[in-house]
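Quick note on labels: first sequence line is chain A, next is B, and so on, each numbered from 1.
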Protein chains: 2
Amino acid sequence: MSRPSRPVPASPPIPAPSPSSPWETGNGADPTTPPSSVIVENISPRLDCGRYPVKREVGDRFVVSADIFKDGHDKLAAVLRYRTREEDGWREAEMRYVDNDRWSGAFELSENTRYRYAIQAFPDAFASWRDGLEKKHAAGQEVSLELREGKLILEEALPRADAVDRATLEAAIAAIDGGADQGTTVAAVLDEAVAAAMRRRRSRVGAVDSPVLEVVVDRVRARYAAWYSMFARSAGTVLGRSATFAEAAARLPAIAAMGFDTVYLLPIHPIGTTFRKGPNNTLGGGPDDAGVPYAIGSPDGGHRAIEPGLGTLEDFRAFVQRTEELGMEVALDFAVNASPDHPWVSEHQDWFTVRPDGTIQYAENPPKKYQDIYPIDFDTSDIDGLQAELKNVVDFWIGHGVRIFRVDNPHTKALPFWEWLIDAIRADHPDVLFLAEAFTRPRMMKTLAKLGFSQSYTYFAWRNTKSELTDYLVELSRTEMADYYRPSFWPNTPDILTEYLQTAGPPAFKIRLALAALLSPAYGIYSGYELYENAAVRPGSEEYLDSEKYAYRPRDYHRPDSLAPYITRINRIRSEHRAFRELRNLWFHHIGNAQLLCFSKVERDRTNPVLVIVNLDPHHPQAGLTWLDLWQLGLEHVGPFEAHDLVTDTTYIWHGAENFVMLDPWVEPVHVFRLRAL
Amino acid sequence: MSRPSRPVPASPPIPAPSPSSPWETGNGADPTTPPSSVIVENISPRLDCGRYPVKREVGDRFVVSADIFKDGHDKLAAVLRYRTREEDGWREAEMRYVDNDRWSGAFELSENTRYRYAIQAFPDAFASWRDGLEKKHAAGQEVSLELREGKLILEEALPRADAVDRATLEAAIAAIDGGADQGTTVAAVLDEAVAAAMRRRRSRVGAVDSPVLEVVVDRVRARYAAWYSMFARSAGTVLGRSATFAEAAARLPAIAAMGFDTVYLLPIHPIGTTFRKGPNNTLGGGPDDAGVPYAIGSPDGGHRAIEPGLGTLEDFRAFVQRTEELGMEVALDFAVNASPDHPWVSEHQDWFTVRPDGTIQYAENPPKKYQDIYPIDFDTSDIDGLQAELKNVVDFWIGHGVRIFRVDNPHTKALPFWEWLIDAIRADHPDVLFLAEAFTRPRMMKTLAKLGFSQSYTYFAWRNTKSELTDYLVELSRTEMADYYRPSFWPNTPDILTEYLQTAGPPAFKIRLALAALLSPAYGIYSGYELYENAAVRPGSEEYLDSEKYAYRPRDYHRPDSLAPYITRINRIRSEHRAFRELRNLWFHHIGNAQLLCFSKVERDRTNPVLVIVNLDPHHPQAGLTWLDLWQLGLEHVGPFEAHDLVTDTTYIWHGAENFVMLDPWVEPVHVFRLRAL
């Protein structure tokens, strides 16, 4: 039974958002606090009850949904409220009813900053009254009393109306007072112009506010990037000594030509000599050994200094400038480690764990000992001083042109530190990005992303089979993870040379490159990949033989069989087809062969579909029949369509869902089709 | 790398829980507030970020799980803390590590009250140190420095130890100081007694507290009940006048004999005469018509009074007493409606909506009008007075022996009112139960349960096919709903005579009764069901012809074809087999016929399995092969087993998962097997 709209007290002022503490967003009472009768619950997106922000990128349309309803039969209205962290007042977008008590609204994310959003929902007395009036009049009932009730609702809204709406509302009131026949009067007050004016001026008595939630909006590079990882010191041509930044810069045009947009440098700081490792991680290395770049700190300085063999800060700036001239940017390693020779060790002994005999605790994983590394103790009583110094380090490199930091092993440092640091840096520099290098348990991987890391390494390197890849990509692209975890796919890293790459020759390198680059909008390779480097230090190990972590390693990048042309082709396909810039658009299609993986991506509005078919078997040709979900490709209502292979520039005419495919890994293991209706 | 356990400051006092506001439980920051490095998240059970309590029953073991982890490599410990709403201090149960960062703990719910629970997790410095010592000593390393570190940890714990633990810890310290050989010393400090003492006395520095959550613990009747619903006024034998409570009481022995435990009376209050309805909901009824019991209130009184035709309050008390003597209890209807003649209308006009002409708004669903009912206006400025009066009504009937209330159409009254009322009543009378009679949209049904209703009506009446029943029961028993929504299954109600019952004869009544009683631990029937009443007021309607809502309706319960013996048999099976008292133990098994439904229930620890097979087709015999999930039945390692049909007292010997079944609806449409290994 519907309760009539009786005169209500004046609408209260729209409540101001509470002050900007990041913690307020976790106040979380879901759906609302009493005593409202309006329920707003199951808000999406919302991460861990609002404890963490979700992530999006500039240019996205941000859609928010919720279950909204109340007791009784009143009509409801709801608005999506939003503002950037810099703004004081809310902007609003009307939400619309979808189905089954679900409502939805949206707004554009135009700025690289942190937005807040919330829902306000309230009974819409005018809409309830209007609906009842319409039905009663249509049933031929006498409605003079209802018209008098409507007049009270209109009058209550008048003080909130501007001149235009006031004129509309007053005209409706005049019609009620005018004494014309019922049909004429009802038509006047049911006029859509009156309803529109009331939507703008309606009372919000009984409104309920959802908790305030947050969305971090990054530049698009956070989602879509192609990284090239290198040790600058290996980029020279002379054996046995470090390359300089000037020599390393000579590699940049080739990297740019391959289509990469980010050059990631492993640590470039002075390396300690105490307990320095020799080649292949042997003990007893000497000062002539290259040393491990993660053993940061020497008399030449710590995290703000440059390893002398590489050059000077000015040389680094020149390297950054050259990178930018080529349309790329530099990502720097941020490893919160110290060698025993780091200036911190003498200046801030309290940042380390001092044992009962006065020595500093080195890293260990009992019974293993890592005596060349002193871990930082985040339980230090000087946590403020430590955090300030680490932030200063990041700020220092930002001052030298760096906007991306790859963070080494963040899961072994204090989680609250990362949450604080990343937000503190981005409050001043919202364009700065942090990539979490954690290869650890799933919960920790996810938590680092929730705490603020812009991008995350993944388990991709070890996902080889069709079911492994499908399950993992569905988790990344279709579950809640897609709201906060931006994957970066790496077929190899300086620490990871997989068994697949070790054992399956050049086809394996093509396959894993294509999978990384085409499944994930962000991916990267570690130098040497283009030369099929696949020798492990020993059987069963994923460590490279003669790893650059312990030695200089000049390479001949001009080998005629280099993978560089293939990489160039794949990166060009990525850049020319916007569908590859996204992850949520990923869709797996059935193909009747367990060694063939078939997936598509489309642009927003399901346009410009691309279809990728990969032979996961690096040894044998594989053939199968596709069964395409044509509705996912926007091709459900077309006849024959063109499948143009962007790898080989070959065109096929396909008919419907079922199409034959064969891929020989020694010819081309991967099809990348651009699909077009004929 | 593991950080050694350095001396830590004294453990802080265990934080006291915050004061008892029901709203504090929704503080919801998930997982924790900074700056702790310990993460506690994804707590289960936890309803809507802690906004609502979950539900359990007295005698349950309450299991709580969470993801618990921290940065670095420290060992962790976690305790589950709990207390009743009446207690001040926390009790604690140690949580154990399950897998993949998941932890679990449990405690017994022994009281009919509201419990709070929370998790406290913290680094376990002693456990980390002990683990490292063990590994280093096993690897033959020298550990004198480690032993000195361990001594500091032990000493820090001493002030918290009682005499027994103090002796243990001091002995370990003495061993470290004693200068024996390393093997002897290490063995002494690794002794399990030392570890046990440290588990009791360990430091909780770095501890994190989860939000405080709640679980409402009801008496078992909230979950497991068999209701019989009746209009007391129809229980007589004289046509054309109301039966008295004394006459109605004569029906009680037969109801008890059928095995019901709850007798639910539709409203028993004085009925208004203004706009009183005639038979079959016709307009223009007079004072000689029975009137609709939901049109409550006349000069004889309102919600605290008894309709004179039924007798007096003393007669009602006698009825309640007789019910209790027979081992049953009375459930009373609570309908927040008023007829135009209700005393509230004159005494509290402000509890109703007054229209501009001074009249009171009657119920309507435009263009339909319900002039015999005045809805209460929960937006009244005298909401405090209104709520107090309604609580007084409930308290009044509690004072007359009622402990169960069936609430009419709660979704058309203010939701905050119900949340307040139910908790306010139960704070004094935790054994009082409320059944929500809402047949409306899914979100609202669920929200009423979340807000506090002990039991809820369901969509069962309209779920007829195998897939409908399976999907719905899986939702009720296996999703989050099982934490808060206790279903009550009704094949019929005074408002619901389904098409299935109208058209399919006595087999339909057997089938729907067995489904309701055996699928759901709580179920009920409305009187007349045992007589196969199936005449609708008109084709396409679910209303009964000559409905008791508008007329007295004496019945001949002694018909020889009555379903009462079958009902008796089914209720006895329910009471003799404890597996039917639960819902979460429901499991559907494959059976190769879309008209056959096969499900089982087991007691806790998978003992005493019962297997039910229902022919959903009331017209034809149906046969099929089962494929039993024997591991669900605890029969996976046995040979032949006995399947004893409790309906017909017939025994079969079955072998394995595959067994032939045929059910003729005109003989017996339902098997209820007790399964026993031979």
Side-chain angles (χ1 to χ4, degrees), chain A residues 1-4 6 23 26-31 33-37 39 41 48-51 67 69-73 100-101 131-132 135-136 138-139 141 145 148-149 152 353-357 361 363-367 370 375 377-378 411-416 419-420 441-444 447, chain B residues 1-4 6 23 26-31 33-37 39 41 48-51 67 69-73 100-101 131-132 135-136 138-139 141 145 148-149 152 353-357 361 363-367 370 375 377-378 411-416 419-420 441-444 447:
Chain A
M1 43 196 88
S2 105
R3 207 178 304 147
R6 63 175 183 154
W23 307 113
N27 61 2
D30 189 350
T33 44
S36 173
S37 275
I39 304 279
E41 65 183 14
D48 285 8
C49 303
R51 165 65 180 82
D67 296 335
F69 53 96
K70 82 178 280 293
D71 51 62
H73 303 278
N100 199 15
D101 291 323
D131 180 64
K135 288 174 177 164
K136 291 172 186 173
Q141 295 176 8
L145 197 49
R148 283 169 66 186
E149 288 167 338
L152 295 174
T353 301
V354 180
R355 308 188 71 186
D357 66 349
Q361 176 68 55
E364 57 177 7
N365 181 12
Y370 306 99
D377 178 12
F378 282 87
H411 57 296
T412 61
K413 286 83 191 175
L415 297 177
E419 185 166 31
W420 168 82
R441 307 184 313 282
R443 303 275 181 274
M444 177 58 76
T447 287
Chain B
M1 46 197 88
S2 105
R3 206 178 307 146
R6 62 175 184 157
W23 307 114
N27 62 1
D30 188 352
T33 44
S36 172
S37 274
I39 304 279
E41 64 182 16
D48 286 7
C49 302
R51 165 65 180 83
D67 296 335
F69 53 95
K70 82 178 281 293
D71 51 61
H73 302 278
N100 198 15
D101 292 324
D131 180 65
K135 288 174 177 163
K136 290 172 186 175
Q141 294 177 9
L145 197 48
R148 283 169 66 185
E149 288 166 338
L152 295 174
T353 302
V354 180
R355 308 189 71 186
D357 66 349
Q361 177 67 58
E364 56 178 8
N365 181 12
Y370 306 99
D377 178 11
F378 283 87
H411 58 296
T412 61
K413 286 83 190 176
L415 297 177
E419 185 165 30
W420 169 82
R441 309 185 310 284
R443 303 275 180 273
M444 177 59 76
T447 287

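Listed by chain and residue number, A/N42, A/R102, B/R443 satisfy the side chain to side chain donor-acceptor pair (under 3.5 Å) test with A/D67 (two or more places apart in sequence, or in another chain).
Heavy-atom pairs under 4.5 Å with chain B were tallied for A/G132, A/P356, A/A138; the largest tally goes to A/P356. Most heavy-atom pairs under 4.5 Å with chain A: of the set B/L145, B/L415, B/D357, this distinction falls to B/L145.
Side-chain contact between A/E364 and B/K135 is absent, with no heavy atoms from C-beta onward closer than 4.5 Å.
Not a single donor-acceptor pair under 3.5 Å links the side chain of A/E41 to the backbone N or O of B/D48.
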| message | Please determine whether side chain to side chain contact (heavy atoms under 4.5 Å, CB included) holds for the pair B/T412 and A/H73, giving the CA-CA distance in whole Å, both sets of side-chain angles, and the decisive distance to 0.1 Å. | response | CA-CA 7 Å; B/T412 61; A/H73 303 278; 3.8 Å; yes
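With a 4.5 Å cut-off on non-hydrogen atoms, B/N100 touches chain A through its backbone and its side chain both.
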